[in-house]
2 protein chains.
Amino acid sequence: MLFRVDTTSSEPIFEQLAHQIRIAILQGNLAAGDRLPPAREVAGALDVNLHTVLHAYQMLRDEGQIELRRGRGALVSNQAQAVPREVTEAVAALVTQAHQAHLAPHIVVSLVKEALA
Amino acid sequence: MLFRVDTTSSEPIFEQLAHQIRIAILQGNLAAGDRLPPAREVAGALDVNLHTVLHAYQMLRDEGQIELRRGRGALVSNQAQAVPREVTEAVAALVTQAHQAHLAPHIVVSLVKEALA
DNA sequence: TAGTTGTTCTACAGAAACTAAAACAAGTTG
DNA sequence: CAACTTGTTTTAGTTTCTGTAGAACAACTA
């Protein structure tokens with residue numbers, strides 16, 4: 001599991017990290033029981049603070065995606081599952097349509113948020 | 001055009017306003033040339049600061065959705081257009097699939113952001 | 001000319017994000 | 001058991017973001 005953060009982005013670092021882990025789980029690249037690298041290790045590798053990494057981990061725990069255990073680290077939870085093929089296809093279809101309509105990414109996100117609300 | 005803001009939400013007020021206007025344009029409820037209410041009026045009605053409303057307006061101007069003119073107000077720009085039916089349908093299809101898969105809203109947003117990146 | 005409305009400026013308060021360092025607690029490993 | 005690992009908690013400080021407040025200004029309208 002390798003991470004990347006863009007410190008110039010307006011998106012908080014902890015959000016970027018949580019997003020990457022979430023996606024890895026949803027896409028099936030991380031399965032139930034898999035272990036995430038220790039927070040101190042990630043913090044050191046990315047040159048960010050331990051708390052920033054733990055913030056991301058704790059978010060994912062609150063979402064039920066991972067479990068945190070002292071001495072053991074962060075484990076992908078059993079509830080965590082890759083998304084069904086139908087959802088992935090629906091996302092791909094949307095991106096295709098959005099691209100054809102020349103819609104900016106944030107516009108598409110706005111539409112999806114609205115439809116979900 | 002009526003607005004609503006939730007001051008308890010973690011989403012900034014200016015983002016909430018921008019989102020609502022964006023959606024109104026994208027869904028065709030606001031067409032090119034239509035006028036938005038004066039910022040001072042919105043600020044008074046919602047009991048928020050003038051600058052907060054202008055922040056939303058200026059965001060939308062930077063996105064090319066509206067034009068701002070002193071003395072005249074905020075006008076929906078000519079480039080602004082309702083999204084094609086195909087896009088709306090693709091969004092609806094995604095929401096249907098996401099619902100069947102019991103995916104939380106923020107998960108769906110993550111998937112879409114990832115696919116757009 | 002008077003009124004409207006966005007623009008710009010200064011100033012301040014509170015919250016959020018990030019960093020830093022240290023001690024602690026519950027595990028794991030030898 | 002002892003040593004190590006790793007998340008948890010606490011304290012503290014800085015910076016950025018968000019929102020508020022008030023005022024003056026500039027361009028446009030009626």
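Numbered from 1 within each chain, the chains take letters A, B, ... in sequence-line order.
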Provide, to the nearest angstrom, the distance between the [atom1] atom belonging to [X] and the [atom2] atom belonging to [N].
{"X": "Glu11(A)", "N": "dT16(D)", "atom1": "CD", "atom2": "P", "result": "19 Å"}
{"X": "Asp47(A)", "N": "dA17(C)", "atom1": "CG", "atom2": "C1'", "result": "16 Å"}
{"X": "Arg72(A)", "N": "dT8(D)", "atom1": "CZ", "atom2": "P", "result": "14 Å"}
{"X": "Asn49(B)", "N": "dT7(C)", "atom1": "CG", "atom2": "C1'", "result": "14 Å"}
{"X": "His55(B)", "N": "dT7(C)", "atom1": "NE2", "atom2": "C1'", "result": "15 Å"}
{"X": "Leu17(A)", "N": "dA17(C)", "atom1": "CG", "atom2": "P", "result": "13 Å"}
{"X": "Leu46(A)", "N": "dT19(C)", "atom1": "CG", "atom2": "P", "result": "10 Å"}
{"X": "Arg40(B)", "N": "dT8(C)", "atom1": "CZ", "atom2": "C1'", "result": "12 Å"}

TODO: Scan Leu50(B) against the nucleic acid and name what it touches under 4.0 Å (heavy atoms): base, sugar-phosphate only, or nothing.
DONE: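 Counting heavy atoms under 4.0 Å across all strands, no contact is made by Leu50(B).
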TODO: For Leu68(A), answer base if it contacts any base atom (sugar-phosphate contacts may also be present), sugar-phosphate if it contacts only those atoms, and nothing otherwise; contact means non-hydrogen atoms under 4.0 Å.
DONE: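 The answer is sugar-phosphate, as Leu68(A) gets under 4.0 Å only of primed atoms, P, OP1 or OP2.
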Residue [X], side-chain heavy atoms: nucleotide from [options] that is nearest:
{"X": "Phe14(B)", "options": "dA21(D), dG19(D), dT19(C)", "value": "dG19(D)"}
{"X": "Leu54(A)", "options": "dG6(C), dA21(C), dG7(D)", "value": "dG7(D)"}
{"X": "Pro12(A)", "options": "dT6(D), dC18(C), dT7(C)", "value": "dC18(C)"}
{"X": "Gln58(A)", "options": "dA21(D), dG19(D), dT8(D)", "value": "dT8(D)"}

Are OP1 or OP2 of [N] and a side-chain N or O of [X] less than 4.0 angstrom apart?
{"X": "Arg69(A)", "N": "dT8(D)", "value": "no"}
{"X": "Thr52(B)", "N": "dT20(D)", "value": "yes"}
{"X": "Arg61(A)", "N": "dG7(D)", "value": "no"}
{"X": "Arg70(A)", "N": "dC4(D)", "value": "no"}

Under 3.5 Å: donor-acceptor pair, side chain of [X], backbone of [Y]:
{"X": "Gln65(A)", "Y": "Val76(A)", "answer": "no"}
{"X": "Thr52(B)", "Y": "Val48(B)", "answer": "no"}
{"X": "Gln27(A)", "Y": "Ala82(A)", "answer": "no"}

Task: Salt bridge Arg61(B)-Glu63(B), side-chain N to carboxylate O under 4.0 Å - done: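 A salt bridge is absent here (no side-chain N lies under 4.0 Å from a carboxylate O).
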TODO: Specify the residue among His51(B) and Ala39(B) whose closest nucleotide of DNA chain C lies further upstream toward the 5′ end.
DONE: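 Between the two, 5'-proximity favours Ala39(B).
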Open item on the list: Minimum heavy-atom separation for Ala74(A) and Ile66(A), please, with both atom names.
Closed with: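 Closest pair (atom of Ala74(A), atom of Ile66(A), distance): CB-CD1, 4.2 Å.
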